[in-house]
Amino acid sequence: MVIEFKSGIVPAALQVKALATAIGIVFLAEGVVNAFVSLAHRSPRGWGLANGLVTLVLGAMILSMGPAGLLSVIGLLVGINVLFSGFDLLCFSSRFHPRLE
C-alpha cells in the first residue's frame with residue numbers, strides 16, 4: 001500500500017478503496033452476528049444490541065463512502081467500533097463477577 005502511494009494518486013485510491021471495502025464487509029458481518037447473539041441471550045441486551053447496530057451502521061457508511069473521504073474517516077469509524085465493542089465486552093464480563101456490597 002505504501003508503494004502504491006508513491007506511484008500516484010489513482011493506484012493509492014484503489015488500494016484505500018479495497019481496504020475500506022474489506023473493512024466494511026467485515027463490519028456488516030460482525031454487526032449481524034453481534035445483534036443476533038445479543039438477542040439470543042436472556043440477560044440484558046443493551047450494549048450487545050447497541051454494538052451490533054452501530055457496527056452495522058458503520059459498515060454501511062464505509063461501503064457507501066467515496067474514495068476521497070475514506071482515508072481521513074476510516075480510522076475514526078474503526079475507533080468507534082472498537083469503543084463500542086469494548087463497552088460491550090466490559091458489560092458482558094461484569095455479569096460473571098459477583099458485586100461487592
Side-chain angles (χ1 to χ4, degrees):
M1 196 169 179
V2 173
I3 294 170
E4 294 296 327
F5 276 109
K6 290 180 181 179
S7 65
I9 190 75
V10 175
L14 291 175
Q15 291 290 323
V16 170
K17 182 64 177 172
L19 176 66
T21 302
I23 291 173
I25 291 170
V26 167
F27 277 12
L28 286 178
E30 181 183 352
V32 169
V33 169
N34 284 340
F36 280 131
V37 167
S38 70
L39 291 174
H41 286 187
R42 291 178 298 186
S43 58
R45 302 178 178 118
W47 278 110
L49 188 58
N51 182 27
L53 294 177
V54 166
T55 304
L56 271 172
V57 169
L58 291 174
M61 284 176 59
I62 289 172
L63 289 176
S64 67
M65 291 179 70
L70 281 174
L71 193 57
S72 61
V73 178
I74 200 164
L76 177 69
L77 297 180
V78 171
I80 291 170
N81 180 22
V82 169
L83 184 70
F84 271 86
S85 295
F87 282 134
D88 180 26
L89 289 173
L90 283 174
C91 291
F92 181 74
S93 67
S94 70
R95 291 185 215 141
F96 296 109
H97 299 287
R99 299 194 187 262
L100 298 174
E101 297 179 20

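These values consider heavy atoms only, across backbone and side chains, with no hydrogens, waters or symmetry-generated copies.
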Asker: Tell me the closest heavy-atom pair linking Val78 and Ile23, and the distance in Å.
Answerer: CG2-CG2, 4.2 Å
Asker: Say you draw a straight line from CD1 of Ile74 to NZ of Lys17; how long is it, rounded to the nearest 0.5 Å?
Answerer: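 Ile74 atom CD1 to Lys17 atom NZ measures 9.5 Å (nearest 0.5 Å).
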Asker: Nearest 0.5 Å, what's the CG-CZ distance between Leu89 and Phe84?
Answerer: 13.5 Å
Asker: Among Leu56, Thr55, Leu58, which residue satisfies the side-chain contact (heavy atoms from CB on, under 4.5 Å) criterion with Leu28?
Answerer: Leu56
Asker: For Ser38 and Asn34, which I'm curious about, is there any donor-acceptor pair between the side chains at under 3.5 Å?
Answerer: no
Asker: Which side chain to side chain donor-acceptor pair (under 3.5 Å) pairs, counting each pair once, include a residue from residues 58-69, with sequence neighbours left out?
Answerer: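 Not a single pair qualifies under side chain to side chain donor-acceptor pair (under 3.5 Å).
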Asker: Report yes or no: do Val57 and Leu83 belong to one cluster of Ile/Leu/Val/Met/Phe/Trp/Tyr joined by side chain heavy-atom distances under 4.5 Å?
Answerer: yes
Asker: What about Val82 and Leu19, same hydrophobic cluster or not, with Ile/Leu/Val/Met/Phe/Trp/Tyr joined at side-chain heavy-atom distances under 4.5 Å?
Answerer: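 Yes.
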Asker: Run Thr21 and Ile62 through side-chain contact (heavy atoms from CB on, under 4.5 Å) and show every step you take.
Answerer: CA-CA 7 Å; Thr21 302; Ile62 289 172; over 6 Å; no
Asker: Taking side chain as C-beta onward, heavy atoms only, is Val73 less than 4.5 Å from Met61?
Answerer: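 No, side chains not in contact.
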Asker: With sequence neighbours excluded, tell me which residues meet ring pair (Phe, Tyr, Trp, His ring centres under 6.0 Å) with Phe87.
Answerer: Trp47
